[in-house]
Structures are given as structure tokens and as C-alpha cells.
Number of protein chains: 2
Amino acid sequence: MRTREAIETAAKQLFSENGYERTTVRDIGTRAGIDPSMIIRYFGSKEALFAHVATPDLRLLDLNNIDGTAIGEAIVRHFLAIWEGEQSGGGMQVLLRSAASNPEAAERMRGIFATQVLPAIARVGRPETAALRAGLVGSQLIGLAMTRYVLGLPPVVAMPVEFIVRSIGKTIQRYASLDEEM
Amino acid sequence: MRTREAIETAAKQLFSENGYERTTVRDIGTRAGIDPSMIIRYFGSKEALFAHVATPDLRLLDLNNIDGTAIGEAIVRHFLAIWEGEQSGGGMQVLLRSAASNPEAAERMRGIFATQVLPAIARVGRPETAALRAGLVGSQLIGLAMTRYVLGLPPVVAMPVEFIVRSIGKTIQRYASLDEEM
DNA sequence: TAAATTAGTCAACACTTGTTGGCAAAATTG
DNA sequence: CAATTTTGCCAACAAGTGTTGACTAATTTA
């Protein structure tokens, strides 16, 4: 039961750093300190291992008791905490790194959006506009993650957390409560 | 001289759809209607072909005569036109699709940001804050491109151009002239 | 302790990858 | 027309891919 976890953490690390295609089963085996064949025996296939490891939980329901007027900064702060937290965002980086060139990862990404982001946004404002507002929120959050954690644009990497919370939080706030200007 | 162009367009298409790693030299050859070996003879290597094809031009200098109070919507409209225009954004999609899992593509992406986005933003506002403001602008624009053209989040794909121009344009406008609230 | 199950390694498989060299056909040049 | 260069295809290469089966060592169970 110790090797199973070793494989999981090695896979998470390598998928996060290099994406699905550039990560080889042999690399994972080497980092986990076991034979590559064990990976297949434990998880069935490389794809199954990826699916098992790329299941992030944004825990947006933690924001249930925040009132609508301060939801913007709260979302951004929460989002940054997840990404900077334990094991590279609990699978978020694994997913985003691969989603651009791996159709299954992209599908999973759309699933995360539909089941985790959209419902959280639907809690505030008019339900009919929830998809649009969630789409805008998603575009800004994914852009933040891409530039800061995946592409590593120098100015975005260098930004202090509190600066991001303020500047981008204001944007999210406006997107989430866009009804007033529609 | 006809095959060279056939290879270029086939490569652009396939790199745009599948990214660098999932696109094979044999696939390109098949779509271009020639033998895979010709690709190496014309461009030297798969990497060199990618580099040759992934050189987008955002043409942000076209926005020189827009005054600072309407730069936000202008940038978004321009950005969308490039992406939706001929051959999938003139290399932008090729680059973004691969940049998440290919280090060289990511480096190229940072180059585009440094040489094309940053100078355009530096034209308005205080020069010392240009990097920060450009970083924010970049995060929103890349997020828009990712969600609409790469990941294909349904609500973002469905948004009419004019809606995007208005809602995201306002954000870009604020980011570009952020000096006033710092 | 004996039997049965689990954990692990090793070598090899079938396949795909980018790339190369040789050779025929076509086009260009003199 | 003859000579030469260009254009193209074919077959094969060396290396790397995910995956499998056989076989040993360790561990758990009875």
C-alpha cells in the first residue's frame, strides 16, 4: 500500500511539470522507485492513472457563507490558496497542463467547470445569466492560472498575492454580479 | 515551391488542433499529400518546422491611433479578429495549444508577451507600472483564448463577439489604466 | 510451519516516433 | 538534345512508447 501512494505522488508531480504526453510510464516508475510494470498492475493503464490523479476539487462550496458583495476577492483568494497549496493545487495543475493538447483532459476541465464553477456562480444573481457570468469568471481565473503557474509570465509570477486579490478580485466581483449592467 | 506551402498549412492546422506532441511528422505528410521525409528535407526537423509556423503577429501597433479612454474594447475586438481570422489566428492557436506542455513553445509565448503586449501597454500610463498592467491584461486575454478557442467552455464559445467586447473590454480598460487606483 | 497470496523484477512484445540514405522521375539549365 | 539539378518516394534505421507474461521473493493466512 506504500507503493500505490508513491506512484500517485510521482505521477502528480510529473504530470504537473510536463503534461500527459511528455510524461512516460518509465519516468513515473523511476521517480517512484519501482518497476514501470507495477504502474499498469496497480492502475490498469497510463490513462487510468492520469484520470485517477487529475480529479481536482476546487471546494467552492466553502464560500457559502460569504455575502454577495465580497464574493470577488474571496474567490480569488480561495483559488490562489488551492493552487499554491499542497501538491500543486490538488490536481488542478495536472489537468490544466494537459488540457490544451489532450482531448480527454479538456473534457474533464469542462466537467470541473460545469459541476463546480457554474453552481457556485448560480448562487448569486439571476439564474438565466449564470452560464454567461460563470463563463466570464472562468476565463479570468483560467487566464490567471495559465499565466502564473503554467506559462510563467514574469510579471504575473512576481505579483504579490494581495495585489492579485485586489485587482483581479474586482473583476470577478463585476463578472459575478453582471446582471446590473445588462 | 508548392509543396513547401502545403506542408506549412498542413502543419499549422494539425499543430493548432492537436498541439506539438500529438502531431506526428507522418500526419503532416499525409495531410499535405507528400512523403514525411520531405518535411525534414524542407525544414530540417519537426522542431524547426514548428518554430517556423508558430510565429504569430498580434499587430497591436495597429492600435496606435486609439486614444487611451477606448483602448480596452479596441484591444479585445482586435484580439478576437486575429483569433477568428485567417488560418486560426496566424499562429496564435498553434502556440497556445502547445505552450502548456512544451517548454520551447512556452518560451516563445513569453517572448510574444515581452515584445508585443508589453510595449503596447507601456504606451499608456506610467512606465514603471507597465509590466504589472500588461501582466493583468495578458492574464485576461489568454484566459479568453483558452476558454473560447482551446478548451471550448460552452458558455464562452457561445458568447457573441459584441458581448465579449463590452464585458471583457471594460476589464482590459481598467487593467491598462490601473494607475489611478494604485 | 505449510500454503496461498501479494509485491516485485526482468525481459520482451508490438508499435510508433523522428530521421536518414539511396534511387528514380521530373524539371531546369547549357 | 544532353547534363545537371531539383523533387519526390521507398525502405529502413535507432530509439522510445505502453503493455504483457513468466518467474522469484516476500508477506500474509491457515
Side-chain angles (χ1 to χ4, degrees), chain A residues 1-55 91 94-95 97-108, chain B residues 1-55 91 94-95 97-108:
Chain A
M1 222 43 177
R2 165 164 252 93
T3 8
R4 192 180 189 89
E5 294 162 22
I7 294 175
E8 284 176 13
T9 50
K12 262 189 189 176
Q13 288 173 7
L14 288 168
F15 283 142
S16 295
E17 295 165 17
N18 310 322
Y20 181 81
E21 336 281 347
R22 292 175 78 93
T23 299
T24 127
V25 174
R26 284 170 171 82
D27 289 345
I28 301 175
T30 302
R31 181 164 302 194
I34 44 90
D35 192 89
S37 63
M38 298 301 295
I39 294 168
I40 307 295
R41 282 250 288 251
Y42 270 94
F43 293 91
S45 70
K46 181 189 177 187
E47 277 210 9
L49 170 60
F50 180 81
H52 183 263
V53 154
T55 50
V94 174
L95 209 49
R97 204 43 101 187
S98 305
S101 57
N102 185 295
E104 275 123 49
E107 177 58 38
R108 277 173 166 271
Chain B
M1 222 40 177
R2 163 164 255 91
T3 12
R4 191 179 189 91
E5 293 162 21
I7 294 175
E8 284 176 13
T9 50
K12 264 191 189 176
Q13 289 174 8
L14 289 168
F15 283 142
S16 295
E17 295 167 15
N18 310 322
Y20 181 82
E21 337 279 349
R22 291 175 79 94
T23 300
T24 130
V25 173
R26 284 171 171 83
D27 289 344
I28 301 175
T30 302
R31 182 164 301 193
I34 45 91
D35 191 88
S37 63
M38 297 302 294
I39 295 167
I40 307 295
R41 282 250 288 249
Y42 270 94
F43 294 91
S45 71
K46 182 190 176 186
E47 277 210 9
L49 170 59
F50 180 80
H52 183 263
V53 155
T55 49
V94 174
L95 209 48
R97 224 1 130 193
S98 306
S101 55
N102 186 294
E104 274 124 50
E107 176 59 37
R108 277 176 166 269

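Here is the naming used below: chain letters follow the sequence lines, and residue numbers restart at 1 for every chain.
When each of D:dT7, C:dA7, C:dT20 is scored by its nearest atom to the side-chain atoms of A:M38, the top-ranked nucleotide is C:dA7. Set against C:dG18, C:dG8, D:dG18, the side chain of A:R41 has C:dG8 as its closest nucleotide.
Atom pair B:R2:CZ and C:dA27:C1' shows a separation of 15 Å (rounding to whole Å applied). For the pair A:I40 CD1 and D:dT17 P, the interatomic distance rounds to 13 Å; values are reported in whole Å. In this structure, B:N18 atom CG and C:dT16 atom P are separated by 16 Å, rounded to whole Å. Counting to the nearest Å, the P atom of D:dG18 and the CD atom of B:E21 are 13 Å from each other. Rounded to whole angstrom, the span from the CG atom of A:D35 across to the P atom of D:dT19 amounts to 14 Å. In this entry the distance linking CG of B:L49 with P of C:dT19 reads 10 Å, nearest Å. For the pair A:E47 CD and D:dT17 P, the computed distance is 17 Å after rounding to whole Å. Computed from coordinates, the A:I39 CD1 to C:dT9 C1' distance equals 13 Å when rounded to whole Å.
Between the side chain of B:R97 and the backbone N or O of A:A100 there is at least one donor-acceptor pair closer than 3.5 Å. Side-chain N or O atoms of A:R108 include one that pairs as donor or acceptor with a backbone N or O of A:A54 at under 3.5 Å. A donor-acceptor contact shorter than 3.5 Å is absent between the side chain of B:K46 and the backbone of B:I39. For the pair B:S98 (side chain) and B:L95 (backbone), a donor-acceptor distance under 3.5 Å is absent.
Residue B:I34 is in sugar-phosphate contact alone, with no base atom involved, counting any heavy-atom pair closer than 4.0 Å across all strands shown. Contact annotation for B:F43: no contact, since no heavy-atom pair falls under 4.0 Å across all strands.
Ring geometry for A:H52 versus A:F43: interplanar angle of 30 to 60°, hence tilted.
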**OP:** Using the side-chain contact (heavy atoms from CB on, under 4.5 Å) rule, take B:L49 and B:Y42 through it: C-alpha gap first, then chi angles, then the decisive distance, then the call.
**Re:** CA-CA 9 Å; B:L49 170 59; B:Y42 270 94; over 6 Å; no
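Smallest separation of non-hydrogen atoms from B:S101 and A:R22: O-CD, 2.7 Å.
Listed in residue order, the members of residues 22-32 of chain B having a heavy atom less than 4.0 Å from DNA chain D are B:R26.
At C:dG8, none of the side-chain N or O atoms of A:S37 fall inside 4.0 Å of OP1 or OP2 (strictly under the cut-off).
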